[in-house]
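Chain A is the first sequence line, chain B the second, and so forth, proteins listed ahead of strands; every chain is numbered from 1.
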There are 2 protein chains.
Amino acid sequence: MDNITIFDVAKKAGVSKSTVSRVINNKKNVNEKTRQKILQVIDELDFQPSNSARSLVTKKTRNIGLILPDLGDCFFAKFTKGAEEICRSNNYNLLMISSYWDVKAEQDRIDILHNNRMDGLLLVSGSSISRSYINQLENKNLPIVVIDRLLPNTKIPTVNPDNFHGAYTGLKHLIKLGHEKISCVQGPGDLYSVQERIRGYRTAVTEKNPHFNPQKYIFQGQFDRESGYKAARKIIKTRPRSTAVFFTNDRMAVGGMEAFKEANIKIPEDISILGCDDLDYVSLLSPPLTTLEQPREKMGQKGISILMDIIENSRENKKQKKEKDWSFKFEMKLKIRGSTGPVPSR
Amino acid sequence: MDNITIFDVAKKAGVSKSTVSRVINNKKNVNEKTRQKILQVIDELDFQPSNSARSLVTKKTRNIGLILPDLGDCFFAKFTKGAEEICRSNNYNLLMISSYWDVKAEQDRIDILHNNRMDGLLLVSGSSISRSYINQLENKNLPIVVIDRLLPNTKIPTVNPDNFHGAYTGLKHLIKLGHEKISCVQGPGDLYSVQERIRGYRTAVTEKNPHFNPQKYIFQGQFDRESGYKAARKIIKTRPRSTAVFFTNDRMAVGGMEAFKEANIKIPEDISILGCDDLDYVSLLSPPLTTLEQPREKMGQKGISILMDIIENSRENKKQKKEKDWSFKFEMKLKIRGSTGPVPSR
DNA sequence: AATTATCGTGGGAGCGCTCCCACAACTCCT
DNA sequence: AGGAGTTGTGGGAGCGCTCCCACGATAATT
């Protein structure tokens, strides 16, 4: 069946395997006529060079690994999509694997993929990354790009949304609507993205109003719906109650909205809600959620592009190894929808 | 760096590469002491056998390809997740690729993966599959399992939800609530799943009421939100208006709900809505959507399990090649939520 | 005209493994 | 005691490719 090898092509075309190899690898020093002839034979025989044999000698597999916390999660699916697109157009394969939010599992997965001789890894980490972990990654001698995390003092490229400016912009919108007592529900505090969003919040709310103490208005959440609901319950009990809440992700915002509805607090008449992420469906809620869009698909694309650059680059000129500082930020766009409105006139 | 080969292990352990090979492949006829010694050396050297070299001789890559219409779509992400789980636990890698709902692209992708020497393919097809296409698949000499499509007269295993009984059950629920004039919004008519759901609808609504003419109550949709909205607009104009609508997927149901809300028709007081699929978020809508759950994650798992069976089986005994009829149906569970209620008392 | 560079090509080694066969050393029957 | 099995081991071929080197034929340079 699939036994047509470079040899069969060579024989049928009346040349040596070396010449065929030159043709399939687009090398020069091949007579144009010979090239055409070989191309024709390749087509006739439907010849496909064996990846295994190729990789065995070149040490390149043209496989990229993608690790993310949960393949089934809509939030991550967008990264996946963007990543796959770029891989496909560069003739790379994309291999995916879930880490289930577990640092240990994540490291296992990295090893698995490394052992499977991936050419590079795109890591969407489910947790904060420790210094020792970073070192480990750096020592693997394997191109890695990390999405949605900040890695201080490292040459590992990262791709992030501009969480600070995003949050800042969102908060400015609320402030412009007249809100002053704005609460904030934060996610897991060890996450870089959360820290930046909180910083954006703090900066915006204290800018014109230095007497405002954000500390009193920050509530703890865990990025899931349940914790958003609970935080909202707390906010409801707090006096004086806020007129707006910034949830540091959409999932919590959804939980929060449920709590407010339950308590018969009208959105946005009594309270404005600002989310973050722009999940697929939040525009379908009632009211549709105002939120900050994270360009996840583009981030996935960018991650792979960087990886390609590194791989191709190290292939070309191993000597110079110009380790650029590759660290990208993507703008978060404010999507104004129905969940935010003017501050209630008391 | 990664240059430790089976030879290095052999040398350090004082045996031949053959013996090491036997150990890493769990073959018998190896002295227990030698095995232990080799295992220890493997560990010390952190030796990982090269997949490329292995595949080159065994013709097996331990890679499975997954083709689906859109990696970024929540609906499909669940299949992905289930598939990856089983692959992982069997030490197979999962390679994913989007076909973007295009039959031509789908076939291209199949070729790509075939050429990349996948051991098997899981295909979540974005469209109906023609006879010639099926023949093509069968001739590829490549284990393939198809999800969410019926392939008549073929040995290609399929995994499907039980669309007929699902729809039937859902409709029975509406009927029990007193509804008689129940409309139905169908999706692309060439899809097997749609045909079955419609069949379930027809069976249920005519069972006790032979005078009911379902044909007048079936509206065309395209599985997207927009077409659900449009279909609902038509239903609103129709006299006498239905008291319940079965949308053959959730996306259309969402669009429909928007149209009804806009027209000030209350759900479920004035009209009951039944969806199909149970997308992640439909329980968050107002009111939460009653729908039929499709166990997509389990279907993904099952698909891969079948694939594993076929692969392992053809590996073991090529002679008998017992082509079982592998065709699985999964129950669709009715999720009763807020969008369905008793028929309005006029 | 003699030397050197360039082009087009073939041959061979080697990538790291698996798998078949050979062979020695035992054990076990009759 | 002698043939037949069993167990443990090593050696060699070969999987399908790439890449280096050699070599003849032209073309360009002095």
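- Taking side-chain N and O atoms only, A:Arg54 has no distance below 4.0 Å to OP1 or OP2 of D:dC17.
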### Task
Could you check A:Lys81 against B:Asp73 for salt bridge (Lys or Arg N to Asp or Glu O under 4.0 Å), going step by step and ending with a plain yes or no?
CA-CA 9 Å; A:Lys81 181 179 184 175; B:Asp73 189 321; over 6 Å; no
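- Among the heavy atoms of the strands lying under 4.0 Å from A:Thr19 are primed sugar atoms or P, OP1, OP2 only; no base atom is included.
- Between B:Leu68 and B:Met96 the shortest side-chain heavy-atom distance does not fall below 4.5 Å.
- At whole-Å resolution of the value, NZ in B:Lys17 and C1' in C:dG14 are 14 Å apart.
- Annotation: proximity of residues 27-36 of chain B to DNA chain C (heavy atom, distance under 4.0 Å) is found for B:Lys27, numbered in ascending order.
- For the pair A:Ser52 and D:dC17, the criterion of a side-chain N or O lying under 4.0 Å from OP1 or OP2 is not met.
- Taking every side-chain heavy atom of A:Ser50 into account, D:dG16 is the closest of C:dT18, C:dG16, D:dG16.
- The list of disulfide (SG to SG under 2.5 Å) pairs with a residue in residues 30-80 of chain A, not counting sequence neighbours, reads A:Cys74-B:Cys74.
- Under a 4.0 Å N-O distance rule, the pair B:Lys12/B:Asp8 does not qualify as a salt bridge.
- Taking five base pairs at each end of the helix from C:dA2-D:dT29 to C:dT30-D:dA1, the local helix axes there meet at an angle of 40°, rounded to 10°.
- Rounding to whole angstrom units, CG of residue B:Asn25 and C1' of C:dC20 are separated by 15 Å.
- In this view, A:Asn160 and A:Asp148, A:Thr158, A:Tyr192 satisfy the side-chain contact (heavy atoms from CB on, under 4.5 Å) rule, not counting sequence neighbours.
- Pairs engaging residues 118-151 of chain A under the disulfide (SG to SG under 2.5 Å) rule: none recorded [sequence neighbours left out].
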Can you give me every donor-acceptor pair (side chain of residues 296-308 of chain A, partner residue at least two apart or in another chain, under 3.5 Å) with its distance?
| unit_1 | atom_1 | unit_2 | atom_2 | d |
| --- | --- | --- | --- | --- |
| A:Arg296 | NE | A:Phe75 | O | 2.7 |
| A:Arg296 | NH1 | A:Asp277 | O | 3.2 |
| A:Gln301 | NE2 | A:Glu85 | OE1 | 2.7 |
| A:Ser305 | OG | A:Gln301 | O | 3.0 |

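- Of all nucleotides listed (D:dC17, C:dG10, C:dT18), C:dG10 comes nearest to the side chain of A:Ser18.
- Closest-nucleotide positions on DNA chain D for A:Val57 and B:Val15 were compared, and the one nearer the 5' end corresponds to B:Val15.
- A straight line from CD1 of A:Ile38 to C1' of C:dG10 spans 12 Å, rounded to a whole angstrom.
- Applying the salt bridge (Lys or Arg N to Asp or Glu O under 4.0 Å) criterion to B:Lys37, with sequence neighbours excluded, gives no partner residue.
- Of the side-chain N and O atoms in A:Ser21, one or more sit less than 4.0 angstrom from OP1 or OP2 of D:dT18.
- Screening residues 92-142 of chain A for disulfide (SG to SG under 2.5 Å) gives no qualifying pairs among residues at least two apart or on separate chains.
- Rounded to a whole Å, the CZ atom of B:Phe7 is 10 Å from the P atom of C:dC15.
- Atom pair B:Ile42:CD1 and C:dC17:C1' shows a separation of 13 Å (rounding to whole Å applied).
- Atoms CG (B:Asn51) and P (C:dC17) sit 10 Å apart, rounded to a whole Å.
- Whole-Å rounding puts the A:Leu56 CG to C:dC15 P distance at 9 Å.
- Side-chain N/O atoms of B:Ser16 include one lying less than 4.0 angstrom from OP1 or OP2 on D:dG10.
- For residues 104-154 of chain A, there are no disulfide (SG to SG under 2.5 Å) pairs, not counting sequence neighbours.
- We find that CZ of B:Arg22 is positioned 11 Å from P of C:dC19, with the value rounded to whole Å.
- When the side-chain nitrogen and oxygen atoms of B:Lys59 are compared with OP1 and OP2 of D:dG16, one or more of them lie within a distance under 4.0 Å.
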